[in-house]
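Report on the structure given below.
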Amino acid sequence: MAKLSSGPTFPISISRHTYHHRVTACHVATPTTTTTIPFADLHPSLEVIGGARNRFLPALHSALRHPYDPFPFIAWNPHVETIFASFFRSIPDVRLRRECLRTQDGGTVALDWVAGDQYQLPPDSPILILMPGLTGGSENSYPRHMLTKARSKGWRVVVFNSRGCGNSPVTTPQFYSASFVGDMREVVEHVSGIYPEANLYAAAWSLGANILVRYLGDESHACPLSGAVSLCNPFNLVYAFEEFTKGFNRVYDKALARSIRNIFKRHILLFEDIGGEYNIPLALNARQVRDFDEGLTRVSFGFKSLDEYYYKASCFHSIKHVQVPLLCIQAANDPISPVRAIPREEIEANRNCLLIVTPKGGHLGWVAGADAPLGGPWTDPVVMDFLEHLERGTHKTVESSTGPLTVTSKNLHHAEV
């Protein structure tokens, strides 16, 4: 759940068109040797499964051999932990440089880089792309803590704000959806074009994690990322929206619907004469996320019904196609991304996937570890241990069927602030 604050306002000025080299093919070689470690040493408070256990557990063993120790009082209830993390966790003060990326369909996403890193870090520094959850952006605490942790390790970090999120401008009558990976694909291509010598990784939360895993599955063997992390992923949106209708979860549903409405209202002029099956009044007055999805989202992306949209947009279908290292971290008591939706069999069958389930954590919470209660979540050092393990053992080479690297112009525009 994204913290429901308006966030900073960024003045946008379109300055010029730029063209970037396109990598025609990318091969990522990951270590194939396995190391057997004593699984009995893993603490029983953590569920750890996946076809990649032998490959990746050595990097995480120091963290996983200790009990998951939630912060007293805060973690006794998943709703308390979720709300505490959303409203009371500290927000690191980081100066960001915004780049607005114009996509091929005329839409716009906002990329927030750490200001000054373009001069201070070498061009081959590993890059971490962060994608927040529904309505979330670079102003929220959880991507900022992850950004700070990665930056302290010498990584280049960029926060990918989806259309309308994080005060990203909306330039077409279409937002983003759980089913749409086009923007993710263009962001990865764009970042790779700027830093062709660097390995690329991605981490995403909640609905952003659903989009990321769908992207990994769609790209499969051609995926240019060297690794990825999914956190509090709903996996099955049918189950997730069933949970939204129960008990206290309706509070989250109403809060997220209000946040989506506020974004929509700022750009309503784009949708005035859209016609067709759209129900603009329903979206504009949405009391539940389902109302907005029925009035706008499922029509925008060509689904005949809301049930069809939620089922086909769910990323559990994509796990079997993932061909890059993927770490999934879930909380067993997550009120928004239910534990029953985790595709355990698919994760167990895929030799590239590892799943960690903590007994507590809420949604976007994980108020535990050395930095609790106000600092970064328990997950941040685990994520970095995983990514740094991949970076140490990964060698990226660029291949082309024609021999030398083929350079093509790319019709993406960007503006810096």
Do [X] side-chain atoms and [Y] backbone N/O form a donor-acceptor pair below 3.5 Å?
| X | Y | answer |
| --- | --- | --- |
| D253 | V289 | yes |
| R287 | K254 | no |
| S314 | F316 | no |
| S177 | F180 | yes |
| R98 | A110 | no |
| D117 | R156 | no |
| N249 | P335 | yes |
| N262 | S259 | no |
| R89 | Y142 | no |
| Q174 | G107 | no |

Those residues that, when tested against [X], pass side chain to side chain donor-acceptor pair (under 3.5 Å) (two or more places apart):
| X | value |
| --- | --- |
| S337 | none |
| S62 | none |
| D334 | H363 |

Might you point out which heavy atoms bring [X] and [Y] nearest each other, and give the distance in Å?
| X | Y | result |
| --- | --- | --- |
| A198 | S125 | CB-O, 3.1 Å |
| A150 | V157 | CB-CG2, 3.7 Å |
| A341 | P234 | CB-O, 3.3 Å |
| P325 | S226 | CD-O, 3.7 Å |

What do the steps show when you test L200 against S192 for side chain to side chain contact (heavy atoms under 4.5 Å, CB included), and what is the final call? CA-CA 7 Å; L200 269 61; S192 181; 3.9 Å; yes
Side chains of T171 and T108, donor plus acceptor under 3.5 Å: yes
Any luck finding a side-chain donor-acceptor pair between N161 and S168 under 3.5 Å? no
Using ring centroids (six-membered ring only for Trp), state whether F301 and Y309 fall under 6.0 Å.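 Between Y309 and F301, the centre distance exceeds or equals 6.0 Å.
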Around atom NZ of K265, are there more than 12 heavy atoms from other residues, nucleotides or ligands closer than 6.0 Å? yes
Can you establish whether the number of heavy atoms outside F248 located under 6.0 Å from its atom CZ is more than 12?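 Yes, enclosed.
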If I take atom [atom1] from residue [X] and atom [atom2] from residue [Y], how far apart are they, to the nearest 0.5 angstrom?
| X | Y | atom1 | atom2 | value |
| --- | --- | --- | --- | --- |
| M131 | Y215 | CE | OH | 11.5 Å |
| Y195 | H190 | OH | NE2 | 9.5 Å |
| E391 | M384 | CD | CE | 9.5 Å |
| N233 | C328 | CG | SG | 6.5 Å |
| L64 | S45 | CG | OG | 9.0 Å |
| L355 | Q330 | CG | CD | 6.5 Å |

Between K312 and E308, does any NZ, NE, NH1 or NH2 come within less than 4.0 Å of an OD or OE carboxylate oxygen?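 Yes.
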Student check: side-chain heavy atoms of [X] and [Y] closer than 4.5 Å:
| X | Y | value |
| --- | --- | --- |
| W205 | L130 | yes |
| V191 | W113 | yes |
| V339 | I342 | yes |
| L327 | F56 | no |
| T379 | K149 | no |
| D112 | L147 | no |
| N140 | L364 | no |
| C223 | Q323 | no |

Kindly state each residue pair satisfying salt bridge (charged side-chain N to carboxylate O under 4.0 Å, His left out) with at least one member in residues 157-181, sequence neighbours excluded. D105-R163, R163-D183
Go through the steps for V382 and F386 under the test side chain to side chain contact (heavy atoms under 4.5 Å, CB included), then give the verdict. CA-CA 6 Å; V382 179; F386 175 74; 5.8 Å; no
For a side chain to side chain contact (heavy atoms under 4.5 Å, CB included) check, start with the C-alpha distance between T297 and F175, then their side-chain angles and the critical distance, and finish with the verdict. CA-CA 8 Å; T297 307; F175 287 107; over 6 Å; no
Ring pair (Phe, Tyr, Trp, His ring centres under 6.0 Å) contacts touching residues 317-356 (sequence neighbours left out):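 Of all non-adjacent pairs touching residues 317-356, those that pass ring pair (Phe, Tyr, Trp, His ring centres under 6.0 Å) are Y311-H317.
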Would you tabulate the side-chain donor-acceptor contacts of residues 270-279 under 3.5 Å, counting partners in other chains and residues two or more places apart, or write 'none'?
unit_1	atom_1	unit_2	atom_2	d
E277	OE1	R298	NH1	3.3
Y278	OH	S300	OG	3.4
N279	OD1	L282	N	3.1

Only pairs under 3.5 Å count here: list side-chain donor-acceptor contacts from residues 236-245, not counting sequence neighbours, and write none if there are none.
unit_1	atom_1	unit_2	atom_2	d
N236	OD1	V238	N	3.0
N236	OD1	Y239	N	3.3
E242	OE1	R340	NH2	2.7
E243	OE2	K246	NZ	3.2
E243	OE2	R340	NE	3.4
E243	OE2	R340	NH2	3.3
T245	OG1	E242	O	2.7

Passing option when N333 is tested against P70, P338, P359, P78 for side chain to side chain contact (heavy atoms under 4.5 Å, CB included): P78
According to the side-chain hydrogen bond (donor to acceptor under 3.5 Å, both in side chains) rule, which pairs have a member within residues 71-81, sequence neighbours left out? H79-Y252
side-chain contact (heavy atoms from CB on, under 4.5 Å) partners for [X], two or more places apart:
| X | result |
| --- | --- |
| I319 | V213, F235, L326, P343, E346, I347, C353 |
| P373 | F71, I74, F84, V367 |
| T358 | L46, Y68, A331, W366, W378 |

By salt bridge (charged side-chain N to carboxylate O under 4.0 Å, His left out) - contacts of R214 (at least two apart):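 Partners of R214 under the salt bridge (charged side-chain N to carboxylate O under 4.0 Å, His left out) test: none.
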Report the C-alpha distance between N352 and V324 in whole Å, list the side-chain angles of each, state the deciding distance to 0.1 Å, and finish with yes or no for side chain to side chain contact (heavy atoms under 4.5 Å, CB included). CA-CA 6 Å; N352 300 296; V324 301; over 6 Å; no
